[in-house]
Amino acid sequence: MMAMDTMVAEGPRSPEAKLGLRVEDLWDVMEPQLSPTEKLNACFESIPVSAFPMAPSNKELEIKSDATLAEAVKVLARHNILSAPVVNVDAPEDASWLDRYIGIIEFAGIAVWILHQSEPTTPTSPSTPNTPTSASAIAAKANGLTFALELENLGLGSAATTSGNFFEDLISSEPYKNTKVCDISGTFRWAPFLALERSNSFLTMLLLLSKYKMKSVPVVDLGADRIDNIITQSAVIHMLAECAGLQWFESWGTKSLSEVGLPLVTPDQIIKVYEDEPVLQAFKLMRKKRIGGVPVMDRDQGKAVGNISLRDVQFLLTAPEIYHDYRSITVKDFVTAVRSYLEKNKDANPMSSELVTCKIDCTIKDLIKLLDDEKIHRVYVVDDDGNLQGLITLRDIISRLVHEPRGYFGDFFDGVLPLPLDCRR
């Protein structure tokens, strides 16, 4: 502890650490009768989101609505980011930010949409002879025919028996190269998306990232009618990691997981996949269950041996050659190939593909450091024998930092559709 305190006091302070000191100053003058949680709520309510450091990759990075999916993937991969705002090229120069942007597009969203189109077409129901499915309708709008039919013409088969060159063929297909970002805008989570003004509070931002299940929060400069910053869950975790040693952080961070009610996801609630299952089935399962990742299980031993997340889907599009030699891509094949690829490209992709675990007696501070160091979004809680005891995500940690006061948001969400499922619980 002393070494960490000295580092915070004497070393050069990062923007995140300076932000932590700002919270510290507010913490020191809060009413003594307030509980630690009430103090943190009050501190974060007093700081505007404009104070949050801007990531270099966020600055002025936008994707045009008439860009193709292939072009969007290249932009995201080149800047090593998972999402970016989409600018409406048809909007007038003096358009408000609401008209200027049509949403936030994600790496995983592009890949999952493509995989959805690659599923075999379903015979038309007699009761609806000419009605396309919603996914087919989007594809038809983009290309005049369904993506699935086009892939069938290319000889690409079912995801259940995906061959190693499936994705190389997929990204060289005309639908992938010609479909525009605006053509899949109906699959974006927000319509257009929910953003904060620079004057909105840290507390609002933290609640949106935790209780209201947003992966990232755009911050809009109303004067310029442009997105000024995009704050992600990972960026908040990094900020917290930089605050180690400060009084307000230590009062919360030194608590064990069980003391703050973690993990929220119990063993029987963890959705799993097995090594020998087709990898596309794993991604479909994540899409269906609306989750960001799943542990990979050894069928014989019943133990978790790896992890596969929705953000790993980017490697289906950016590096399909890494599993070119596999006749049928299983979860094990995919995890092994991605692990090898990341090992060879550490500088370009500083993320981990390993199964990262902790014990129930781990402190919040140690867990945050683990998440930040490994650049991961989830940690599995295990017992001494390696059996899964729970799951903790970035969102779970942020949700234990603050709480939503009664009636806090008021009419904030009016006109924003669709809301995340079960967000009002």
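Scope of the values below: all heavy atoms of this structure, side chains included, with no hydrogens, waters or symmetry mates. Keep in mind that what you see is a predicted model, and the values were worked out from it rather than measured.
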Which is it for F283 and F334 under the ring pair (Phe, Tyr, Trp, His ring centres under 6.0 Å) test, yes or no, and what are the steps along the way?
-> CA-CA 11 Å; F283 286 122; F334 180 78; 5.6 Å; yes

Starting from the C-alpha separation in whole Å, work towards a yes-or-no answer on side-chain hydrogen bond (donor to acceptor under 3.5 Å, both in side chains) for Y380 and N307.
-> CA-CA 10 Å; Y380 296 97; N307 176 76; 2.6 Å; yes

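- With 3.5 Å as the limit, one finds no donor-acceptor pair spanning the side chains of E343 and S340.
- We find that K215 and E106 are joined by a salt bridge, their nearest charged nitrogen and carboxylate oxygen being less than 4.0 Å apart.
- Around the NZ atom of K18, the shell of radius 6.0 Å holds no more than 12 heavy atoms that belong to other residues, nucleotides or ligands.
- Proximity of a side-chain donor or acceptor of D373 to a complementary backbone N or O of L370 within less than 3.5 Å is not detected.
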Evaluate the side chain to side chain contact (heavy atoms under 4.5 Å, CB included) criterion for residues L196 and L208: first the C-alpha distance (whole Å), next the side-chain angles of each, then the deciding distance (0.1 Å), finally the verdict.
-> CA-CA 10 Å; L196 293 179; L208 290 177; 3.7 Å; yes

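- Judged by distance alone, with hydrogens and angles left aside, the side-chain atoms of Q281 form no donor-acceptor pair with the main-chain N or O of P278 at under 3.5 Å.
- Taking CG of N200 as the start and CD1 of I47 as the end, the distance is 14.0 Å to the nearest 0.5 Å.
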Stepwise side chain to side chain contact (heavy atoms under 4.5 Å, CB included) check, I364 with L262 | CA-CA 9 Å; I364 288 289; L262 295 176; 3.8 Å; yes

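- Heavy atoms only, all atoms of each residue included: I81 and A84 are closest at CD1-CB, 4.3 Å.
- A search for side-chain hydrogen bond (donor to acceptor under 3.5 Å, both in side chains) contacts involving S46 returns nothing, not counting sequence neighbours.
- At least one donor-acceptor pair closer than 3.5 Å links the side chain of N41 to the backbone N or O of H403.
- Under the 3.5 Å distance criterion, with hydrogens and angles disregarded, a donor-acceptor pair is assigned to the side chains of H377 and S234.
- Looking at Q233, its side chain never comes within 3.5 Å of a backbone N or O of L394 through a donor-acceptor pair.
- Looking only at atom types and distance, the side chain of T204 has a donor-acceptor partner in the side chain of Y408 under 3.5 Å away.
- Residues satisfying the side-chain contact (heavy atoms from CB on, under 4.5 Å) criterion with K272, sequence neighbours excluded, are I270, P295, M297, L388.
- In this structure, E275 and V331 have side chains that are not in contact, with every pair of non-hydrogen atoms separated by 4.5 Å or more.
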Evaluate the side-chain hydrogen bond (donor to acceptor under 3.5 Å, both in side chains) criterion for residues D333 and T330: first the C-alpha distance (whole Å), next the side-chain angles of each, then the deciding distance (0.1 Å), finally the verdict.
-> CA-CA 5 Å; D333 295 332; T330 64; 3.1 Å; yes

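- Taking CG of D372 as the reference point, atom CG of L367 lies at 11.0 Å (rounded to 0.5 Å).
- Closest approach of K359 and L257 over heavy atoms only: O-CD1, 3.7 Å.
- Here K64 pairs with nothing under the salt bridge (charged side-chain N to carboxylate O under 4.0 Å, His left out) rule; sequence neighbours left out.
- Taken to the nearest 0.5 Å, the OG atom of S50 stands 8.0 Å off from the CG atom of D228.
- In terms of heavy-atom proximity, R378 sits nearest to V294 at NH1-N, 4.1 Å.
- No side-chain donor-acceptor contact under 3.5 Å links S83 to the backbone of I104.
- Closest approach of D99 to A91, counting heavy atoms only: O-CB, 3.5 Å.
- No donor-acceptor pair under 3.5 Å is formed between the side chain of T179 and the backbone N or O of L69.
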Are E71 and K177 close enough, and set up right, to give a salt bridge (Lys or Arg N to Asp or Glu O under 4.0 Å), and what steps lead you there?
-> CA-CA 8 Å; E71 291 169 340; K177 292 189 291 186; over 6 Å; no

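- Looking only at distances, a side-chain donor or acceptor of D183 sits under 3.5 Å from a matching main-chain atom of K180.
- Between the W27 side chain and the F249 main chain, no donor and acceptor come within less than 3.5 Å of each other.
- Counting all heavy atoms, side chain and backbone alike, A304 lies closest to L355 at O-CD2, 3.5 Å.
- In this structure a side-chain-to-backbone donor-acceptor pair under 3.5 Å is missing from W248 to D25.
- A donor-acceptor contact shorter than 3.5 Å links the side chain of Q269 to the backbone of T266.
- With rounding to the nearest 0.5 Å, the separation of OG1 in T232 from NE2 in H238 is 10.5 Å.
- Counted by atom type alone, T363 and D366 present one or more donor-acceptor pairs between their side chains at under 3.5 Å.
- Contact detail for G261 and R400: the closest heavy-atom pair is O-NH2, 3.7 Å.
- Taking the six-membered ring where tryptophan is involved, the planes of Y212 and F409 are perpendicular, since the angle between them exceeds 60° and thus also 30°.
- How far CD of E93 is from CG of D225: 13.0 Å, rounded to the nearest 0.5 Å.
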Output, in order, the C-alpha distance, side-chain angles, deciding distance and verdict of salt bridge (Lys or Arg N to Asp or Glu O under 4.0 Å) for D276 and R299.
-> CA-CA 8 Å; D276 55 359; R299 194 177 292 277; 2.9 Å; yes

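- Here the CZ atom belonging to R395 is positioned 8.5 Å from the OG atom belonging to S210, to the nearest 0.5 angstrom.
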Salt bridge (Lys or Arg N to Asp or Glu O under 4.0 Å) assessment of K369 paired with E374 = CA-CA 8 Å; K369 185 178 187 306; E374 297 293 336; over 6 Å; no

